[in-house]
Amino acid sequence: MSKQKGGFRENVEGVVESRRRFLTQLSVAGAGAAAVSTIGAPFVSNPAHAQTTTWKVQTSWPAGVGLATFKEWCGTIKDKTGGELEIKGFGAKEVVGDFELLDGVKNGVLEAMNSFTLYWAGKLPATAFLSSYTLGLRYPHEWDMFFYSGGGLQAARDIFAKQGLYYVNRIHHDANLIHSKKPIRSIDDFRDLKLRVPGGMIAETFAAAGAKTTLLPGGEVFAALEKGTIDAADYTGPAVNWDLGFQQVTKYISMGPEGLMSIYQPVDLMDFVVNMNVWNKLSPKMKRFVEDEVQVYSNIHFGAIQKANVEAWKKFEGAGVEINRLGQEDIERFTEIAVPIWFKWANKDKDAARLFKIQLDLMMAPTLGYVSKSQIKDQKLDM
């Protein structure tokens with residue numbers, strides 16, 4: 001009996017030790033997986049590659065947490081690819097002008113860009129539907145419904161391919177705010193306001209509301225406010241705008257009603273776009289890595305800016321900046337102005353119509369319910 005007990009004890013101790021080793025290995029593996037999920041999936045490089053491929057990539061961020069996050073992410077790529085790909089990140093206007101980015105990538109001055117997609121609405125009308133427009137899709141997850149379940153991502157790639165460019169993916173960051181030298185508490189306060197906006201449908205909507213709109217690159221907004229060339233300016237969210245010093249030249253912020261930071265650009269999407277010849281030189285494995293890694297960047301970018309926003313609101317309050325919100329009546333009046341402008345832009349070309357139709361179907365579905373049949377009964381879409 002004693003011998004049996006001893007054997008049983010030895011067996012139990014052996015099982016316990018084996019289980020302890022297994023759990024230790026599992027813990028180490030889990031920690032490694034957690035670390036990888038934080039920085040993105042590592043790319044296992046081909047040891048036979050002869051040299052590092054280097055991309056010059058310029059962002060539209062001139063300063064602040066947006067630029068810092070972009071450059072930090074760029075700095076991780078060489079290590080993640082084992083030296084096969086390196087991205088050198090540049091801030092706004094460091095290589096080409098902000099509104100010259102599209103041509104800079106097409107012409108090979110830059111290999112890729114991280115821009116605000118809406119900047120290209122003048123050249124490519126369809127891009128007006130690849131970022132927020134007045135009272136269209138209003139939250140990040142709604143845009144992801146468009147891109148990933150509605151066919152929007154492939155449509156965007158088809159459109160950019162005609163320009164010799166590869167649209168890798170959208171990049172989330174924030175809503176846009178209006179900083180003003182005078183309070184904006186209703187739609188009527190936009191009348192005769194000298195307002196910087198990003199152009200396209202947004203500019204037309206505010207112009208129809210009575211504003212005197214102008215288009216300026218982001219890097220020129222502060223100086224224009226300081227000199228009084230403009231009374232107010234749309235730009236990004238609170239964290240970036242604080243870093244740019246807008247509180248020094250304006251005392252008011254205008255927002256949408258509670259729960260909606262902005263009625264005109266609640267989801268100001270950026271993108272990552274690569275010269276098609278440059279893209280086609282990548283191996284299939286590296287292409288997949290870049291596509292996955294841009295999604296990682298989007299997640300990091302969005303999170304960093306939202307975290308910084310929390311602190312920025314406190315700073316604006318401490319600086320005595322007054323925050324004003326539009327009301328539901330203003331939303332209804334802006335919608336009346338916006339709907340015909342949507343259709344006008346959608347009918348500029350077939351690509352724009354294709355994108356807008358996907359979004360209109362989403363907005364009219366009970367899931368969102370932003371648009372009713374009565375609101376569009378007099379409108380036609382040329383597909």
Side-chain angles (χ1 to χ4, degrees), residues 29-49 51-61 66-90 105 110-117 130-131 140-161 165-174 267 269-307:
V36 167
S37 68
T38 303
I39 62 173
F43 175 82
V44 180
S45 64
N46 179 0
H49 74 269
Q51 60 184 9
T52 299
T53 296
T54 301
W55 287 1
K56 297 188 298 295
V57 183
Q58 183 173 308
T59 183
S60 291
W61 288 117
L67 179 60
T69 304
F70 170 73
K71 287 196 170 184
E72 183 177 353
W73 171 75
C74 289
T76 68
I77 300 302
K78 187 173 183 179
D79 183 57
K80 288 178 182 178
T81 62
E84 190 164 342
L85 176 65
E86 179 181 17
I87 295 180
K88 292 186 176 181
F90 297 88
V105 177
L110 295 159
E111 279 71 32
M113 66 180 180
N114 167 220
S115 73
F116 294 102
T117 313
L130 290 175
S131 186
H141 74 275
E142 294 171 5
W143 279 95
D144 285 351
M145 290 165 64
F146 159 70
F147 277 107
Y148 305 125
S149 64
L153 180 58
Q154 186 57 54
R157 288 176 175 173
D158 292 343
I159 291 164
F160 275 82
L165 302 168
Y166 186 76
Y167 181 99
V168 179
N169 212 333
R170 58 89 189 107
I171 294 167
H172 283 304
H173 82 281
D174 209 3
V267 185
L269 289 170
M270 302 183 78
D271 56 45
F272 194 89
V273 173
V274 183
N275 177 289
M276 186 65 80
N277 291 330
V278 170
W279 180 258
N280 286 336
K281 290 177 182 177
L282 297 180
S283 67
K285 189 175 183 180
M286 182 62 80
K287 288 177 180 177
R288 179 59 186 270
F289 167 79
V290 173
E291 289 175 347
D292 290 347
E293 192 60 29
V294 169
Q295 178 62 63
V296 170
Y297 170 52
S298 178
N299 296 343
I300 295 171
H301 191 229
F302 182 80
I305 289 177
Q306 298 310 311
K307 180 180 179 181

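For the pair Thr54 (side chain) and Glu86 (backbone), a donor-acceptor distance under 3.5 Å is absent. With Ser149 contributing its side chain and Met145 its backbone, the two residues share a donor-acceptor pair below 3.5 Å. Side-chain atoms of Glu111 come within 3.5 Å of backbone N or O of Lys56 as a donor-acceptor pair. At least one donor-acceptor pair under 3.5 Å links the side chain of Thr59 to the backbone N or O of Asn114. Panel note: side chain His172, backbone Asn299; no donor-acceptor pair is recorded below 3.5 Å.
Shown here for Val274 and Val168, the closest heavy-atom pair between the two residues is CG2-CG2, 3.8 Å. Here the shortest heavy-atom pairing between Leu282 and Val290 reads CD1-CG2, 4.2 Å. Residues Asp271 and Val273 approach most closely at OD1-CG2, 3.5 Å, considering heavy atoms. Residue Cys74 comes nearest to Gly89 through the heavy atom pair SG-CA, 3.9 Å, listed as atom of the first residue, atom of the second, then distance. Here the closest non-hydrogen pair linking Thr69 and Ala304 is OG1-CB, 3.7 Å.
Contact of the Asp174 side chain with the Gln306 side chain is registered, since non-hydrogen atoms from C-beta on lie closer than 4.5 Å. Side chains of Phe289 and Ile77 form a contact here, defined as non-hydrogen atoms less than 4.5 Å apart. By the 4.5 Å heavy-atom criterion applied to side chains, Ile87 and Trp73 are counted as neighbours. Put simply, the side chain of Leu130 reaches to within 4.5 Å of the side chain of Phe147, judged on heavy atoms. Counting only heavy atoms from C-beta outward, the side chains of Tyr167 and Ile159 never approach each other to under 4.5 Å.
The six-membered or imidazole ring of His173 lies near that of Phe116, with a centre-to-centre distance under 6.0 Å. Taking the six-membered ring for Trp, Trp279 and Phe160 have ring centres at least 6.0 Å apart. Under the 6.0 Å cut-off for aromatic ring centres, Phe70 and Trp61 do not qualify, their centroids lying 6.0 Å or more apart.
Distance CG/Leu269 to CD1/Ile171: 9.5 Å, rounded to 0.5 Å. Rounding to the nearest 0.5 Å places OG of Ser115 at 11.0 Å from CG of Leu110. The line from NZ of Lys71 to CZ of Phe90 is 8.0 Å long, rounded to the nearest 0.5 Å. Within the model, atoms OG1 of Thr52 and CG of Leu85 stand 8.5 Å from one another, a figure rounded to the nearest 0.5 Å. Considering CG of Leu165 and CG of Asn277, their distance stands at 10.0 Å, rounded to 0.5 Å. Of the inter-residue distances, the one linking Ser60 atom OG with Leu67 atom CG reads 11.0 Å to the nearest 0.5 angstrom.
Considering only residues two or more places apart in sequence or on other chains, Lys88 meets the salt bridge (Lys or Arg N to Asp or Glu O under 4.0 Å) condition with none of them. Contacts of Glu291 classified as salt bridge (Lys or Arg N to Asp or Glu O under 4.0 Å), with partners at least two apart in sequence or in another chain: Arg157.
A salt bridge (Lys or Arg N to Asp or Glu O under 4.0 Å) with Glu293 holds for exactly one of Lys80, Lys78, Arg288, Lys287; it is Lys80.
Relative ring orientation between Trp143 and Phe146 is described as perpendicular, the plane-to-plane angle rising above 60° on a 0-90° scale split at 30° and 60°.
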